[in-house]
Amino acid sequence: MAYDPKTIEERWQRYWLDNESFRCEVDPSRPKYYVLDMFPYPSGQGLHVGHPKGYICTDAIARYKRMRGFNVLHPMGWDAFGLPAEQHAVETGTHPAITTQRNIDTYRRQLRSLGLSYDWSREVDTTDPRYVRWTQWIFQKLHERGLAYEAEVAVNWCSALGTVLANEEVIDGKSERGGHPVVRLPMRQWMLRITEYAERLLADLDLVDWPERIKRMQVEWIGRSEGARVAFPIVDGDTTIEVFTTRPDTLFGATYMVLAPEHPLVRKLTTEAQRSDVEAYVAEAARKSERARMADGEDKTGVFTGAFATNPVNDARIPVWIADYVLASYGTGAIMAVPGHDERDYAFATRFDLPILEVVAGGNLAEAAFTGHGTALNSGFLDGLQTKEAKARMNDWLEEQGKGEATINYKLRDWLFSRQRYWGEPFPVMHLDDGTVKLVPEDQLPITLPKLDDWAPTGEFETPLSRVPEWIQTSDPETGANARRDPNTMPQWAGSCWYFLRFCDPHNDAEAWSTEAERYWMPVDLYVGGAEHAVLHLLYARFWHKVLYDCGLVSTKEPFQKLLNPGMILGHAYRYYDDNLSDDPNAALHAYPASAVRFEGERAIAAATGDEVKARWLLRPDVRFDEDDVPVHPTLEDIPLEEVTEKMSKSRGNVVSPDDVIDEFGADSMRLYELFMGPLEKGAPWSTDGIPGCFRFLQRAHRLVTEETLCDGDGTEEQARLTARTIAGVTGDMEAIQPNTAISKLMVWSRDISRDGSVPRAGAVAFVRMLAPFAPHLAEELWSHLGNTASLTHEAWPEADPTLLVEDTITVAVQVNGKRRDEIRVPANADETTVRDAALATENVQRHLDGKEPRKVIVVPGRLVNIVV
RNA sequence: GCCCAGGUGGCGGAAUUGGUAGACGCGCUAGACUCAGAAUCUAGUGUUCGCAAGGACGUGCUGGUUCGACUCCAGUCCUGGGCACCA
């Protein structure tokens, strides 16, 4: 019987499902292992070959750990709220719930076809009301602890799309999709006080085993900085401007102040003479997106308000300006400008002819700001102090005088937690007529989404839910008083902040999870998912987890013990450009090769005409190759194509589906290949060239076990040693999560085991067990061929006989002056003198010594001998 | 601009603590089987000189430390990722 993956894989997938082979239950008598994939958003395109890289690796680990006696929790679910389903509803009228279910079905089918060993009885779906109920419940916990509050925050509103856009969806004041105008409008929104947890989110990174670069990204995102708050009184006024500075030691050098254009004091401080200039500047800044403001970079702009403030250390009268280089959202939204010792202030002062004062020695202020540390000067009581001491002295002085205090500031901002969208969790709150907010009683949860008949945006600035008055309008079930529901929904992050807890106890209708299940399964021992979630998802989930910890609802400070990021699998495509910006299928377009296009920021411009153009992609089968083997467009004349390797995405047309690969080679070959390609964390362009090699290996494995006659026992000594070495090596590789080298050792075994005799049964048994994590279908098939009736899911992992790992005779390399000249075979237990003499005696060494006396001989036991002449 | 990761054959990639560079796979070459091909098996395969034995060179580049460097140090170039007026 030839190896036929299709039959084998169908049979065993059926068996695993029918027997619930991977079902797990709390069992305090056994050690647990919780291995988790970041659950996917089920998009309409289904999986591409890049997605399963991590899933396959965690599956191999899960199967390995089961065989090592662990009680393994390995679940899968769906992060199913999200914008694409809602946009699909706008376009087709199909309810997002229907689209979502359809997509989930596709994903589930594809994951099952890979033979992944999930406990499907634990599947969760964040859009399921039984799940939403507990997401809302956790929101209420946050609210009860004062961590959820409402605030007026500006949003990017696009009336053409009828939706609010994230900052990265806005390019140059226009929507990324379609190029429609976007305005910034203030709106009442929910915020979560994540900043209150900044210090713990930072400190507890020490508790987890994560890649250093991910930790660093979180550290930088949180952006802790130590400094001081200082109050500057307004001249002839009753207000003060408060600023944050990391350099209180330079306070004597503050020669002007700057407020962000959005600063609440701008209107109040501006004098009549300056009012029209200031208002024009503020309006201009509001029109620009945050991104555009940052992009302007070096060219500092600003306007004088007409007001003056007093420098609290020397009573100097200094002007107050507004400028958009000061960010409203960081610190206090206002700065003291020290042009002598800050590059931005220096550029601004030079541009507007403001005084520059030297208060730290060490630079040349005629040329540039000096931002380094040094000795204070022109600074009254700080003169002569080094920067570090000067800071401390100034902080003390500020506190003594009541003019400021030492403080810590974070870049991290509170989390904007509402979205003006339909397909998300409604807020479990009631807005009462007196303006207060009351939580919906727990027994009334979940608040479910209303039906929506008309999906098309109205262009009005309103949320989809606000268009359903009978849903918005409600009453307080406890008092019967009038109440309104919140018209916003939660962001997609909400469901993913706690799904790993629900997996511990997914069918519990009395509580979000039981204490027993949480204490047993948590924390997640191994969490695998894309580095693109390095900051947001992982930070938000950690934040919720810490709140739940403070509520006494979870027992661990951190949810994810070890984290790994699979590298991205990239797709190949061929690129050109055209000027059909609106994607009109009937447009008469003009196409351009990459060489005729230049870039201005993120915009592609045709070099000849200056018109904006749009990138287009073709897949290899659609590309024509001309006589010089240059890829060209199949129909458009003279358009050479640029070969690009990028992230797989529908818009680039470079997506490869696992369905096609499985159809041709089977799931086991696909799994083996994705593991064998290289280390988990490394990305690579997708190529099918290596798959036949993996298929051949499985074929050979199949033949060895089913077609050869097995001899009983361990076989010859060489065979027994080979098997023992393989077991030891594969086990070590699995512990280190290096399936690529584990597989290569299995390949060596299958190549060499029948070298000096027929395949020994004991070796075959060990081999099949070791094959199970990588090619589980074939392993099951061979296992039953070896006479077993049960699945090998819970069979014991083989153990290497340690006596067989010790070689009697070993090969030692012989070097002369560090260059390898020969090798010798010596008994493993030979002493140094024996090895040294044997090495000196070899012919090659004698020739290279050429009669000279060795000056020094270095013997590295078991490794090599180096003879220095 | 700043920070981080990484540069090893034609290709994907191996290489405990500094100790035989290139495991394993792909591709390629030759042979076996075959009427032939496919498939399979066997052998070879870093570059270069040599009939060979054997030598020289070789882990982005330039130096350094060392008996010995892919591995450690300094500098430099390239690629990928992150951050980007955070006071």
Side-chain angles (χ1 to χ4, degrees), chain A residues 2 211-217 219-221 223-225 227 243-247 250 254 258 291 293-300 323-327 329-338 341-345 347-348 371 409-413 531-532 534-535 565 567-568 570 645 672-673 676-679 681-685 687-694 696-697 699-700 703 729 732 736 738 740-748 751 811-823 843-844 847-848 854-869:
Chain A
E212 279 308 314
R213 68 201 167 86
I214 302 290
K215 287 194 190 182
R216 188 181 298 266
M217 280 166 70
V219 168
E220 285 170 4
W221 190 266
R224 182 184 200 273
S225 61
V243 302
F244 173 76
T245 176
T246 54
R247 291 296 298 271
T250 63
V258 186
R291 199 165 263 242
R293 272 166 66 166
M294 289 179 190
D296 286 345
E298 292 307 293
D299 301 332
K300 298 273 183 291
D324 67 5
Y325 83 90
V326 173
L327 305 177
S329 51
Y330 182 77
T332 62
I335 62 157
M336 65 176 207
V338 184
H341 305 282
D342 181 283
E343 283 166 16
R344 297 151 300 183
D345 297 343
F348 191 83
T371 58
N409 203 36
Y410 300 91
K411 272 199 249 181
L412 183 69
R413 307 173 194 177
E532 64 271 26
V535 176
N565 306 118
M568 189 124 46
L570 306 168
T645 305
L672 210 57
Y673 175 63
F676 188 60
M677 272 173 79
E681 307 223 45
K682 184 158 174 167
S687 139
T688 50
D689 294 346
I691 300 181
C694 292
R696 277 200 280 271
F697 162 65
Q699 242 176 351
R700 188 161 56 234
R703 197 172 51 240
Q738 285 168 5
N740 53 329
T741 49
I743 290 166
S744 93
K745 291 178 174 84
L746 292 175
M747 287 172 167
V748 170
R751 186 193 62 191
T811 305
V812 172
V814 182
Q815 299 181 333
V816 177
N817 286 336
K819 293 193 182 193
R820 185 178 169 283
R821 295 302 179 189
D822 209 336
E823 59 182 40
E843 201 184 312
N844 280 339
R847 194 157 45 75
H848 281 279
R855 194 151 55 87
K856 191 174 174 188
V857 179
I858 294 136
V859 179
V860 183
R863 283 287 188 177
L864 56 71
V865 178
N866 188 16
I867 298 156
V868 187
V869 198

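These numbers were taken from a predicted model, which means no experiment stands behind them. Chain letters run A, B, ... following the sequence lines, proteins first and then strands; every chain starts at 1.
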Identified pairing partner of [N], criterion: Watson-Crick or G-U wobble below 3.5 Å:
N      : result
B:rA74 : B:rU62
B:rU17 : none
B:rA87 : none
B:rG12 : B:rC24
B:rA5  : B:rU79
B:rU42 : B:rA30
B:rA56 : B:rU47

Listed pairs, N/O of protein and of nucleotides 57-59 of chain B, under 3.5 Å:
{"residue": "B:rC57", "atom": "OP2", "partner": "A:Lys819", "partner atom": "NZ", "Å": "3.1"}

Closest nucleotide among [options] to the [X] side chain:
X        : options                : result
A:Arg216 : B:rA14, B:rC67, B:rC4  : B:rC4
A:Asn866 : B:rA87, B:rC41, B:rC67 : B:rC67
A:Pro679 : B:rC83, B:rC67, B:rA14 : B:rA14

How far does the [atom1] atom of [N] sit from the matching atom of [M], given to the nearest Å?
N      : M      : atom1 : answer
B:rC11 : B:rG27 : P     : 15 Å
B:rG55 : B:rA38 : C1'   : 43 Å
B:rU76 : B:rC2  : P     : 11 Å
B:rA14 : B:rG25 : C1'   : 11 Å
B:rA87 : B:rG82 : C1'   : 22 Å
B:rG12 : B:rC77 : C1'   : 25 Å
B:rC49 : B:rG64 : C1'   : 31 Å
B:rG46 : B:rU40 : P     : 23 Å

Tell me which of A:Gly678 and A:Arg247 sits closer to the 5' end of RNA chain B, going by the nucleotide each one is nearest to.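 Taking each residue's closest nucleotide, the earlier one in sequence belongs to A:Gly678.
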Map A:Thr332 and A:Ile858 onto RNA chain B by nearest heavy atom, then report which one ends up closer to the 5' terminus.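 Looking at RNA chain B, the more 5' nearest nucleotide goes with A:Ile858.
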Has [X] got a side-chain N or O lying under 4.0 Å from the OP1 or OP2 atom of [N]?
X        : N      : value
A:Arg821 : B:rG55 : yes
A:Lys682 : B:rG6  : no
A:Tyr325 : B:rA87 : no

What verdict does the side-chain contact (heavy atoms from CB on, under 4.5 Å) test give for A:Ile858 and A:Val865, after you've listed the backbone C-alpha separation in whole Å, the side-chain angles of each residue and the deciding distance to 0.1 Å? CA-CA 6 Å; A:Ile858 294 136; A:Val865 178; over 6 Å; no
For a quick check, with a 4.0 angstrom heavy-atom cut-off, what is the B/S/- contact string for nucleotides 20-26 of chain B, read 5' to 3'? B--BBSS
Around A:Glu343, counting heavy atoms of other residues, nucleotides and ligands shown, do more than 12 lie under 6.0 Å from its CD?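 No - once you tally the heavy atoms of other residues, nucleotides and ligands closer than 6.0 Å, there are 12 at most.
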[X] [atom1] - [N] [atom2] separation (whole Å):
X        : N      : atom1 : atom2 : value
A:Met568 : B:rG12 : CE    : P     : 18 Å
A:Leu327 : B:rC83 : CG    : P     : 16 Å
A:Phe697 : B:rC41 : CZ    : C1'   : 17 Å
A:Lys411 : B:rA84 : NZ    : P     : 7 Å
A:Arg413 : B:rA87 : CZ    : P     : 12 Å
A:Glu212 : B:rG6  : CD    : P     : 12 Å
A:Asp324 : B:rA87 : CG    : P     : 18 Å
A:Phe348 : B:rA87 : CZ    : P     : 19 Å

Who passes ring-ring contact (aromatic ring centres under 6.0 Å, His included) against A:Phe676, sequence neighbours left out?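 Not a single residue meets the ring-ring contact (aromatic ring centres under 6.0 Å, His included) criterion with A:Phe676.
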ring-ring contact (aromatic ring centres under 6.0 Å, His included) with A:Tyr410: which residues, sequence neighbours excluded?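 With neighbours one apart ignored, the set is empty.
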How long is the straight-line distance from [atom2] of [Y] back to [atom1] of [X], given to the nearest 0.5 Å?
X        : Y        : atom1 : atom2 : result
A:Leu864 : A:Gln815 : CG    : CD    : 5.0 Å
A:Leu327 : A:Lys411 : CG    : NZ    : 10.5 Å
A:Asn409 : A:Arg224 : CG    : CZ    : 10.5 Å

State the syn/anti category of B:rG9 according to its glycosidic angle, syn meaning within 90° of 0.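 You should classify B:rG9 as syn.
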A:Thr688: side chain to side chain donor-acceptor pair (under 3.5 Å) partners, not counting sequence neighbours: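 Partners of A:Thr688 under the side chain to side chain donor-acceptor pair (under 3.5 Å) test: none.
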Mind listing the closest non-hydrogen atom pair of A:Thr371 and A:His341 along with its distance?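 Scanning both residues completely, I find the closest heavy atoms to be CG2-O, 3.6 Å.
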Measure across A:Ala534 and A:Ile214 and return the closest heavy-atom pair with its distance rounded to 0.1 Å.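 What the structure gives for the nearest pair is CB-CD1, 3.5 Å.
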What residues, two or more places apart in sequence or in another chain, satisfy side-chain contact (heavy atoms from CB on, under 4.5 Å) together with A:Gln738?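 Applying side-chain contact (heavy atoms from CB on, under 4.5 Å) to A:Gln738 gives A:Asp733, A:Ala736, A:Asn740, A:Thr741.
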What contact category does A:Ser225 fall into here, base, sugar-phosphate, or nothing, at under 4.0 angstrom with non-hydrogen atoms?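 Sugar-phosphate contact only - A:Ser225 comes under 4.0 Å of backbone atoms but never of a base.
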Does NZ or CZ of A:Lys300 come closer than 6.0 Å to the centre of the six-membered ring of A:Phe348, within 45° of the ring's axis?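 No, A:Lys300 does not lie over the aromatic ring of A:Phe348.
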